[in-house]
Amino acid sequence: MNSEIRKMFCDLLGEDRVFTEEAMSQHTTFKIGGPADYFLMPDKGEDVGRVIKICKEKEIPYFILGNGSNLLVGDGGYRGAVIQIYRNMSSVTVEGNEITAQAGALLSAVAAAAKNASLTGFEFAGGIPGTIGGAVVMNAGAYGGEMKDVLTEVTVMNAEGDIFTLPTEELELGYRTSIIKTAGYIVLEAVISLEKGDQEEIRSRMQELAGMRTSKQPLSYPSAGSTFKRPEVYFAGKLIMDSGLRGYQVGGAQVSEKHCGFVINKGNATAADVLTLIENVREKVQEQFGVTLEPEVKFLGEF
């Protein structure tokens, strides 16, 4: 940690939004991860750009973080600046059939706003534990719905700090990918368009999906959601189960007995435990079925 650089961040964002040696286990749903050199919490897009400018000038690596729901941070932490776009950039506004949400807004908050405005079409996302920003980057989906079905436009920032808006047709949304991901853009805001519906029906559908999620997923343990992408014509969870790996454990990390597509933190798991488990699972599935599982979870820092 460099005190001069810390001061530059504090002058820009204020002391209360700049942390050093911040444990990343506090900021990921896995509850795992060593310290980040700098942990920064801007509250507007322009400041995100200014932070990145400082990082580039001082040759500091940086990483954009939402609520850490799809991330494994190494036990050695991250030598650089983590820029969190989450609670400080999470406003949600409804106008007619459109909802405008800042990148840090939780999908559950957007789904609640849609329900309260009797807007249907976003029920699928209500239980996904992530932010709008992350959901747009990955074209998140569940229960037959995807972000591409509801997105109208997205405001992004490029590596030079330029802010511009892209309509849905230019986002190149596919299975867990988008132009935002491939071009390295940062999501600042998204607009979704929904249809008028019956509030009770919307509420009922959200409760039904929440019940399905609770019954099938290991929500009582820290995890990063589905650990692997869905292989073509297969289901990752079934391949893992059929490989005899249900409940397989390395240290505190375990293949969930409830849903084999999830790796969970059973208690005090390290990033090394999770990484070893993931590698062993991939090896076993490859050996048994000739299928290469690709992690959906992102990896950051020193392992």
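These numbers come from a predicted model, not from an experiment.
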Quiz item: Would you say the side chain of F30 lies within less than 4.5 Å of the side chain of I264, judging by non-hydrogen atoms?
Solution: no
Practice problem: Provide the closest heavy-atom pair for N67 versus P129 in the form atom of the first, atom of the second, distance. | Solution: ND2-O, 3.5 Å
Quiz item: Rounded to the nearest 0.5 Å, how far apart are CZ of F124 and CG of L107?
Solution: 8.0 Å
Self-check item: Side-chain H-bond candidate by donor/acceptor type, S193 with E98, under 3.5 Å
Solution: no
Quiz item: Counting only heavy atoms not in E57, do more than 12 sit closer than 6.0 Å to its CD atom?
Solution: yes
Exercise. Compare all side-chain heavy atoms of L245 with those of K284 and state whether any distance is below 4.5 angstrom.
Key: yes
Exercise. Find out whether V156 and I186 are in side-chain contact, i.e. whether some heavy atom of one side chain is under 4.5 Å from a heavy atom of the other.
Key: no
Quiz item: Where does the angle between the aromatic ring planes of F39 and H27 fall among parallel (under 30°), tilted (30 to 60°) and perpendicular (over 60°)?
Solution: parallel
Quiz prompt | Criterion side chain to side chain contact (heavy atoms under 4.5 Å, CB included) on L71 and F299, from CA distance to verdict | solution = CA-CA 6 Å; L71 183 68; F299 303 96; over 6 Å; no
Quiz item: Are E146 and K148 close enough for a salt bridge, meaning some N to O gap below 4.0 Å?
Solution: yes
Quiz item: In Å, rounded to the nearest 0.5 Å, how long is the span from CD of Q84 to CD1 of I64?
Solution: 10.5 Å
Self-check item: T131 to G104 - nearest heavy-atom pair and separation
Solution: CG2-O, 3.6 Å
Self-check item: Between S90 and Q102: side-chain donor-acceptor atoms closer than 3.5 Å
Solution: no
Quiz prompt | R282 to T292 - nearest heavy-atom pair and separation | solution = NH2-CG2, 3.6 Å
Quiz item: Just wondering, more than 12 heavy atoms not from Y221 lying within 6.0 Å of its OH?
Solution: no
Quiz item: Regarding R230 and the six-membered ring of Y175, is the cationic atom NZ or CZ under 6.0 Å from the ring centre and inside 45° of its axis?
Solution: yes
Practice problem: Please confirm whether Y38 and F9 have ring centers closer than 6.0 angstrom. | Solution: yes
Exercise. Please tell me if the side chains of I240 and V285 come closer than 4.5 Å, counting only heavy atoms from C-beta onward.
Key: yes
Quiz item: Which pairs, with at least one residue in residues 164-174 and sequence neighbours excluded, count as a side chain to side chain donor-acceptor pair (under 3.5 Å)?
Solution: T155-T165
Taking distance alone, no hydrogens or angles, what donor-acceptor pairs closer than 3.5 Å link side-chain atoms of residues 202-210 to residues at least two apart or in another chain?
residue	atom	partner	partner atom	Å
R203	NH1	E200	OE2	2.4
R205	NH1	E208	OE1	3.2
R205	NH1	E208	OE2	3.3

Exercise. Measure the spacing between CD of E257 and OH of Y248 and express it to the nearest 0.5 Å.
Key: 14.5 Å
Exercise. Considering only NZ, NE, NH1 and NH2 on the basic side and carboxylate oxygens on the acidic side, decide whether K229 and E296 come within less than 4.0 Å.
Key: no
Quiz item: Do you see a donor-acceptor pair shorter than 3.5 Å between the side chains of T214 and Q217?
Solution: no
Practice problem: Answer yes or no: is there a donor N or O on one side and an acceptor on the other, between the side chain of D273 and the main chain of T270, under 3.5 Å? | Solution: yes
Quiz item: Short question: side chain of E123, backbone of G121 - any donor-acceptor pair under 3.5 Å?
Solution: yes
Quiz item: Say you draw a straight line from CD1 of I180 to CG of N158; how long is it, rounded to the nearest 0.5 Å?
Solution: 12.5 Å
Practice problem: Measure the spacing between CG of L151 and CG of N139 and express it to the nearest 0.5 Å. | Solution: 7.5 Å
Quiz item: Can you name the nearest heavy-atom pair linking N88 to M41, along with the distance?
Solution: ND2-O, 3.2 Å
Quiz item: Quick one: CE on M147 to CD1 on I128, what's the gap to the nearest 0.5 Å?
Solution: 8.0 Å
Quiz prompt | ring pair (Phe, Tyr, Trp, His ring centres under 6.0 Å) between Y234 and F228, worked out | solution = CA-CA 12 Å; Y234 293 99; F228 300 99; over 10 Å; no
Quiz item: In this structure, which one of R79, K58, R6 forms a salt bridge (charged side-chain N to carboxylate O under 4.0 Å, His left out) with D37?
Solution: R79
Self-check item: More than 12 heavy atoms from other groups under 6.0 Å of NZ on K196
Solution: yes
Quiz item: Would the number of heavy atoms belonging to other residues, nucleotides or ligands and lying under 6.0 Å from CG of D198 be above 12?
Solution: yes
Exercise. Indicate the atoms forming the closest heavy-atom contact of L239 with P231, along with that distance.
Key: CD1-CG, 3.9 Å
Quiz item: Between D75 and A272, which heavy-atom pair has the shortest distance, and what is it?
Solution: OD2-N, 3.0 Å
Quiz item: Got a donor-acceptor contact below 3.5 angstrom from the T227 side chain to the V263 backbone?
Solution: yes
Exercise. Answer yes or no: is there a side-chain heavy-atom contact under 4.5 Å between R17 and D43?
Key: yes
Practice problem: State, yes or no, whether a side-chain contact exists between N265 and S223 at a heavy-atom distance under 4.5 Å. | Solution: no
Exercise. Kindly check if the number of other-residue, nucleotide or ligand heavy atoms within 6.0 Å of NZ (K7) is above 12?
Key: no
Exercise. Would you check if L194 and T120 make a side-chain contact, meaning some heavy-atom pair closer than 4.5 Å?
Key: no
